[in-house]
Amino acid sequence: MKENLLYFFKPLNHFYGVGEKFYKSLERLLSRPRVLELLFHFPTGFTDRTYTAPLSHIQTGKIATLKVSVLKHIQPPFKRGKKIPYKIICTDNTGNITLNFFQIYDYIKNNLQVGKSVCISGKVESFNGELIMIHPDYIVPVENFDDVAIMEPIYPLTYAVNNKMIVSLVRQVLKTMPNLPEWQPEADISFSDAIRILHTDFSNEKLRAKAKSRLAYDEVLANQLSLALSRNKVKEQCETQIKTKGMFRTALLKSLGYDLTNAQKRVVGEILTDLSSPLRMLRLLQGDVGSGKTIVAIIALLEIAEFGGQGAFMVPTEILANQHFETITKLLSNSGLTDKVKPILLTGSDKGKVKKAKLEAIKNGDANLIIGTHALFQNDVEFKNMQLAVIDEQHKFGVHQRFELSEKGGENRANILAMTATPIPRTLAMTSFGDMDLSIIDEMPPGRKIVETNLCSQSKLQQVISLIQTRLENNQIKKLYWVCPLVEESEKLDLTAVIERFEDLKKTFGEMVGLIHGKMKPDEKDNVMLDFANPNGKVKILLATSVIEVGVNVPEATLMIIEHSERFGLSSLHQLRGRIGRGGDKSTCLLLHTDKLTKVAKSRLSILKQTTNGFKIAEEDLKLRGSGDVLGIRQSGQIDFKIADLSEDTDLFFAAMQDTKNILATDKGLLNERGTNLRLLLTLFEYKEQLKNILAG
């Protein structure tokens with residue numbers, strides 16, 4: 001059985017015809033040139049070579065497969081600057097056809113010797129009243145007719161790899177592909193047969209759909225099973241039950257001056273239940289920008305402080321870390337908890353004695369609420385008794401990093417509360433965060449006004465600038481964001497455009513314009529952001545790349561201008577829009593777009609006008625852009641499905657989730673016959689290391 005499984009991980013240079021050059025080309029095409037990657041490299045269509053007819057009645061413009069005899073070769077005359085084809089005249093006794101070759105090789109001359117009967121396949125055309133075929137796709141002896149792929153699959157290709165090479169290699173691999181034990185006992189089609197069907201059978205669409213569904217379910221089941229095993233293993237590692245009288249929590253809530261929404265109260269209840277259970281908390285909290293996730297996280301951290309433990313609050317930027325530190329310090333002061341909860345701020349900017357003192361306070365437990373950036377991951381950060389790690393904007397960090405931070409809690413790993421303001425479609429949440437329980441704040445605090453969203457052509461830019469100038473002068477606008485796109489593929493070009501826009505706006509608005517982009521030093525960005533956040537600051541217009549997607553709270557900002565909005569994902573636009581409308585005044589988001597906007601692009605942007613529901617927007621984004629772009633980052637821990645489609649195969653995800661529950665309810669260690677087969681499935685879909693760690697011992 002092990003040999004059968006190992007076959008799928010066999011390098012492709014073990015097969016006939018795969019030399020060093022071809023192997024390197026396969027590396028570009030498949031990333032990892034192994035049997036498994038080749039078998040999952042499915043055709044996108046097929047070429048029908050079934051048409052045949054006597055040359056006297058043949059239809060031109062069609063691909064035909066013909067049996068002919070070679071009559072003669074015609075050597076082209078030499079003409080400077082003009083390419084004349086080498087011609088080979090063939091016949092089937094009802095008519096003639098000329099094979100034209102603009103490059104002639106020895107194998108062509110050898111296979112098309114005068115008098116020889118051959119099988120050819122290619123497109124038949126007419127030129128000056130004669131039938132011609134330019135460079136036939138196949139030339140084989142009549143006795144080797146079966147070597148012609150009558151229904152030839154068409155594969156995605158790369159430089160130096162043609163379709164015939166892939167077809168030939170796939171044929172070799174399929175001939176020797178072994179069968180594996182069945183992990184889907186109710187399946188109509190086996191794993192190996194499903195692969196064969198998708199590579200070779202183009203006549204039966206229903207059968208092909210069944211085969212694809214079978215493999216997609218295998219892939220999804222492997223994903224859901226690995227996540228469930230990981231979740232079970234991690235949850236078992238917590239023995240501390242966090243139970244308090246809730247005095248800190250009560251003091252905070254009394255000092256707020258407003259009531260939590262019902263959604264916030266529900267989520268707080270879910271978190272407190274997790275913390276007080278004997279199982280480790282592993283929870284993802286979703287909620288739109290401004291829905292009140294932060295106060296929920298602070299309540300959880302106060303619960304830990306009252307219990308006598310330490311809590312860490314990790315955020316992706318120093319700007320946000322500073323904001324949270326100030327917010328928490330103010331809340332503690334207002335609620336009379338300053339002497340009981342000792343917050344500390346740790347970022348990459350901390351150096352020398354300052355950093356050393358902070359690290360010592362964390363290590364000896366003097367600080368029991370630590371706010372910081374990725375600096376919290378560093379080896380020199382030691383906690384005395386960390387019980388909870390709150391991770392804000394989870395998708396900005398690699399999936400593995402939440403585990404790194406939780407391990408700071410020692411052998412008895414810390415509880416985890418991850419948060420995101422990026423609405424995640426349910427199928428994507430199941431696959432990228434499926435090892436976590438899910439909480440959703442689906443209610444906005446009272447008083448939040450809906451942001452009006454409008455589309456505007458980039459050609460009207462000067463009119464927009466004039467309107468802003470008038471409204472700033474009349475105090476109708478106090479603060480506004482101006483966002484320019486910045487993507488990795490054209491970063492230098494985009495950055496130049498951002499700086500040019502900055503210089504352009506300064507001509508009209510002078511010192512009122514502040515600039516922020518990713519290449520600036522952290523303290524430079526902080527200074528601009530803090531000035532913009534200050535109601536009395538000189539910066540009224542914050543020109544930025546999408547770094548402000550996660551940024552400071554500026555209630556005075558009531559206008560958001562987004563240039564070339566067609567280049568952003570819908571979820572990114574929605575999150576940027578959430579930066580405004582945080583005060584009581586009416587707010588507007590203006591999506592500037594290119595003049596040559598396609599109907600599809602315009603329809604896509606119009607979704608932002610139609611709804612402020614982040615989850616509906618995220619679902620549309622998933623269909624249009626794929627999972628990595630919805631999350632805003634292609635991270636190493638994120639699943640990139642080869643067969644299953646997150647937007648189309650929703651039913652499979654829910655079925656696999658239920659199947660996983662049933663499997664583990666009766667066979668937690670995957671030890672029975674199906675469980676043993678499922679271990680093969682996990683290995684096949686690259687969960688081998690995870691499986692080893694999860695089931696160790």
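All values reported here derive from a predicted model rather than from experimental measurement. Residue indices begin at 1 and follow the sequence shown. Note: hydrogens, waters and symmetry copies are ignored here, and every other heavy atom, side chains too, is used.
Checked for salt-bridge contact, Asp442 and Arg266 meet the test: a charged N lies under 4.0 Å from a carboxylate O. The existence of a salt bridge linking Lys642 and Glu219 is excluded, since no basic side-chain nitrogen approaches an acidic carboxylate oxygen closer than 4.0 Å.
Within the 4.5 Å cutoff, the side chain of Ser439 has no heavy atoms near those of the Asp437 side chain. Counting heavy atoms from C-beta outward, Gln462 and Thr508 have side chains that stay 4.5 Å or more apart. In this structure, Met657 and Thr660 have side chains that are not in contact, with every pair of non-hydrogen atoms separated by 4.5 Å or more. In this structure, Val483 and Phe568 have side chains that are in contact, with non-hydrogen atoms separated by less than 4.5 Å. In this structure, the side chains of Asn527 and Glu524 stay at 4.5 Å or more apart for every pair of heavy atoms. A 4.5 Å side-chain heavy-atom check between Phe325 and Thr347 finds every atom pair outside the cut-off. Side-chain contact between Asn454 and Glu452: present, with at least one pair of heavy atoms (C-beta onward) separated by less than 4.5 Å.
Note: Glu566 CD to Lys602 NZ = 12.0 Å, rounded to the nearest 0.5 Å. Between atom CG of residue Leu320 and atom OG1 of residue Thr327 there is a gap of 9.0 Å, rounded to the nearest 0.5 Å. Atom OG in Ser291 sits 9.5 Å away from atom CE in Met419 (nearest 0.5 Å). Of the inter-residue distances, the one linking His574 atom NE2 with Ile617 atom CD1 reads 5.0 Å to the nearest 0.5 angstrom. One distance of note links CG of Leu515 with CD1 of Ile541; it measures 12.5 Å at 0.5 Å rounding. Distance CG/Asp651 to OH/Tyr217: 11.5 Å, rounded to 0.5 Å.
For the side chain to side chain contact (heavy atoms under 4.5 Å, CB included) test with Leu592, the passing option among His564, Lys460, Glu563 is Glu563; the others fail.
Atom NZ of Lys265 has more than 12 heavy atoms from other residues, nucleotides or ligands within 6.0 Å. Heavy-atom contacts from other residues, nucleotides or ligands closer than 6.0 Å to NZ of Lys478 number 12 or fewer.
With hydrogens and angles disregarded, no donor-acceptor distance shorter than 3.5 Å links the side chain of Thr158 to the backbone of Leu29.
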